[in-house]
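Some notes on the structure that comes next.
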Amino acid sequence: MNSFRLCASVLSADFRCLEDQVKQLEEAGVDEIHVDVMDGHFVPNLTMGPFIVSTLKRITHLPLDVHLMVENPDRMIPWYAEAGAHRLSVQVETCPHIHRTLQNIHSLGCEAGVVLNPGTPASWLEEVVSHADLILVMTVNPGFSGQSFLPEVLPKIAKVRDLVENSHSRAVIQVDGGIDQKTLPLVYAAGARYIVSATAIFKHPEGIKAGVNALRESVQKNIA
Ligand code: DX5
Ligand code: ZN
């Protein structure tokens, strides 16, 4: 049995053959497809609009986990919900009315996630943790795949886990950025159970399935 959920970020997919890449993810046993939406303002990169989400929806039945790295996400939330997102996660730094934003996401029938940048303290979650389905602790500064894991974020994952437990929140803890065979056991030990990965899956020298297997095995070896 898998002890964590693997969310493959298509940011590193080969978009010349997106459908084939997603089918390979399905066959490798990935649990969710992670979609990184970047607006060129909140982060210095511009990526995927709702059209990509609706295209993915036609390709796969896997849940679409949409990570909004955009300024003013409230105006875009309905676009991505309509396109077929299963979960919408917003960066807490972009949401002056985070409580209302989470309500909006739920009212559109999606799960709601809250994301913390590496420089944002866990305490920003205190008043909303019981309204979130997922807390994403960024383990790189958002914007690009292929960056190095920031080990100084590890204590914050454990703090978020304590906050979730003490608030009797249903929220699960996700991590995103620089996750590979070496760093996955570390975030797992700190309490993360939803694992986002792009490079370690798509750029594995032996292909997607080998990348997924290597990630799975890194935890199995560690908890055995
Ligand atoms: C970074 C994105 C990540 C990214 C992860 O801003 O939010 O989802 O795709 O890429 P890797 O796994 O290569 O760090
Ligand atoms: Zn992401």
Side-chain angles (χ1 to χ4, degrees), residues 4-15 18 21-22 25 28 30-49 52-53 56 62-71 73 76 80 85-94 110-120 132-154 157 172-188 192-205 207-208 210-216 218-219:
F4 63 90
R5 280 176 78 78
L6 194 52
C7 314
S9 163
V10 289
L11 191 58
S12 290
D14 183 345
F15 272 69
L18 182 61
Q21 300 262 286
V22 171
L25 293 172
V30 152
D31 299 292
E32 304 195 0
I33 305 293
H34 182 83
V35 183
D36 286 304
V37 176
M38 306 184 187
D39 67 350
H41 295 279
F42 179 66
V43 290
N45 195 0
L46 185 62
T47 60
M48 298 170 232
I52 300 287
V53 173
L56 286 165
L62 289 177
L64 302 176
D65 176 39
V66 177
H67 176 190
L68 294 173
M69 287 159 276
V70 301
E71 286 178 2
M76 298 187 192
Y80 287 92
H86 169 74
R87 180 184 310 109
L88 286 164
S89 296
V90 291
Q91 298 272 162
V92 69
E93 304 84 3
T94 64
C110 298
E111 286 191 10
V114 180
V115 191
L116 301 177
N117 272 343
T120 305
D133 301 295
L134 174 143
I135 306 297
L136 167 50
V137 181
M138 290 304 296
T139 39
V140 297
N141 287 295
F144 302 94
S145 55
Q147 301 183 80
S148 298
F149 179 79
L150 297 171
E152 58 267 43
V153 179
L154 283 168
I157 299 171
V172 294
I173 301 175
Q174 188 178 50
V175 288
D176 183 5
I179 303 297
D180 59 19
Q181 293 171 69
K182 289 199 180 91
T183 57
L184 177 46
L186 306 177
V187 295
Y188 185 89
R193 293 293 180 272
Y194 279 53
I195 308 296
V196 178
S197 177
T199 303
I201 294 177
F202 286 101
K203 306 293 184 192
H204 192 284
I208 286 174
V212 168
N213 289 344
L215 289 172
R216 294 261 183 236
S218 72
V219 170

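Heavy atoms only: backbone and side chains are in, while hydrogens, waters and symmetry mates are out. Whatever order the structure lists ligands and atoms in, that order sets their numbers, starting from 1.
- When each atom of ligand 1 is checked for a heavy atom of G146 under 4.0 Å away, the hits are 11 (P), 13 (O), 14 (O).
- Contact atoms of ligand 1 toward M138: 7 (O) (distance under 4.0 Å to a heavy atom of the residue).
- Taking any N or O of S9, backbone or side chain, at least one lies under 3.5 Å from an N or O belonging to ligand 1.
- Contacts of P185 classified as side-chain contact (heavy atoms from CB on, under 4.5 Å), with partners at least two apart in sequence or in another chain: S218, N222.
- Taking the side chain as every heavy atom from C-beta outward, D36 and D176 approach each other to under 4.5 Å.
- In this structure, atom 14 (O) of ligand 1 lies nearest to the protein heavy atom G178 N, 2.8 Å.
- Residues V175 and I195 are in side-chain contact: their nearest non-hydrogen atoms beyond the backbone lie under 4.5 Å apart.
- Looking only at distances, a side-chain donor or acceptor of Q147 sits under 3.5 Å from a matching main-chain atom of N141.
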Are R193 and D31 close enough, and set up right, to give a salt bridge (charged side-chain N to carboxylate O under 4.0 Å, His left out), and what steps lead you there? CA-CA 12 Å; R193 293 293 180 272; D31 299 292; over 6 Å; no

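- A perpendicular orientation is assigned to the rings of F4 and Y188, their planes being inclined by more than 60° (bins at 30° and 60°).
- Residue contact check for ligand 1: M69 places a non-hydrogen atom closer than 4.0 Å to it.
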Under 3.5 Å, side-chain donor or acceptor atoms of residues 196-204 against the rest of the protein: list the pairs with distances, not counting sequence neighbours.
unit_1, atom_1, unit_2, atom_2, d
T199, OG1, G146, N, 3.2
H204, ND1, E206, N, 3.0

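- Qualifying side-chain contact (heavy atoms from CB on, under 4.5 Å) partners for M76, counting only residues two or more places apart in sequence or in other chains: V70, W79, Y80.
- Here the heavy atom of the protein found nearest to atom 10 (O) of ligand 1 is S145 CB, 3.2 Å.
- Short contacts between ligand 1 and L11, defined as distances under 4.0 Å to a heavy atom of the residue, involve ligand atoms 9 (O).
- If you look at T199 next to ligand 1, the close heavy atoms, those under 4.0 Å, come from the backbone and the side chain alike.
- Taking distance alone, with nitrogen or oxygen atoms compared against 3.5 Å, A198 approaches ligand 1 more closely than that limit.
- Within the protein, the N, O or S atoms lying under 2.8 Å from the Zn ion (ligand 2) are H34 NE2, D36 OD1, H67 ND1, D176 OD2.
- Close approach of ligand 1 to H34 is summarised as follows: ligand atoms under 4.0 Å from at least one heavy atom of the residue are 8 (O).
- Note: no N/O pair closer than 3.5 Å links V196 and ligand 1 by distance alone.
- Here's the thing with D36: one of its N/O atoms is less than 3.5 angstrom from an N/O atom of ligand 1.
- Regarding atom 1 (C) of ligand 1, its nearest protein heavy-atom neighbour is F144 O, 3.5 Å.
- Among the atoms of I179, none of the N or O lies under 3.5 angstrom from an N or O of ligand 1.
- Those atoms of ligand 1 with a heavy atom of P142 less than 4.0 angstrom away are 6 (O).
- We find the CG-OG1 distance between N117 and T139 to be 11.0 Å, quoted to the nearest 0.5 Å.
- Close contacts between ligand 1 and D176 involve ligand atoms 2 (C), 3 (C), 4 (C), 5 (C), 7 (O), 8 (O) [criterion: under 4.0 Å to a heavy atom].
- The N/O atoms of G143, backbone and side chain alike, include one that comes under 3.5 Å of an N/O atom in ligand 1.
- For the pair S9 (side chain) and S145 (backbone), a donor-acceptor distance under 3.5 Å is absent.
- Atoms CG and CD1, from D14 and I208 in turn, are 9.0 Å apart once rounded to the nearest 0.5 Å.
- Counting heavy atoms from C-beta on, the side chains of L154 and F149 come closer than 4.5 Å.
- Listed by number with element, the atoms of ligand 1 under 4.0 angstrom from any heavy atom of M38 are 6 (O).
- A donor-acceptor pair shorter than 3.5 Å cannot be found between the side chains of D65 and H67.
- Separating the CG atom in L68 from the CE atom in M38 is a distance of 11.0 Å, to the nearest 0.5 Å.
- Between the CE atom of M69 and the OG1 atom of T47 there is a distance of 6.0 Å, given to the nearest 0.5 Å.
- Residue S197 approaches ligand 1 through these ligand atoms, each under 4.0 Å from one of its heavy atoms: 12 (O).
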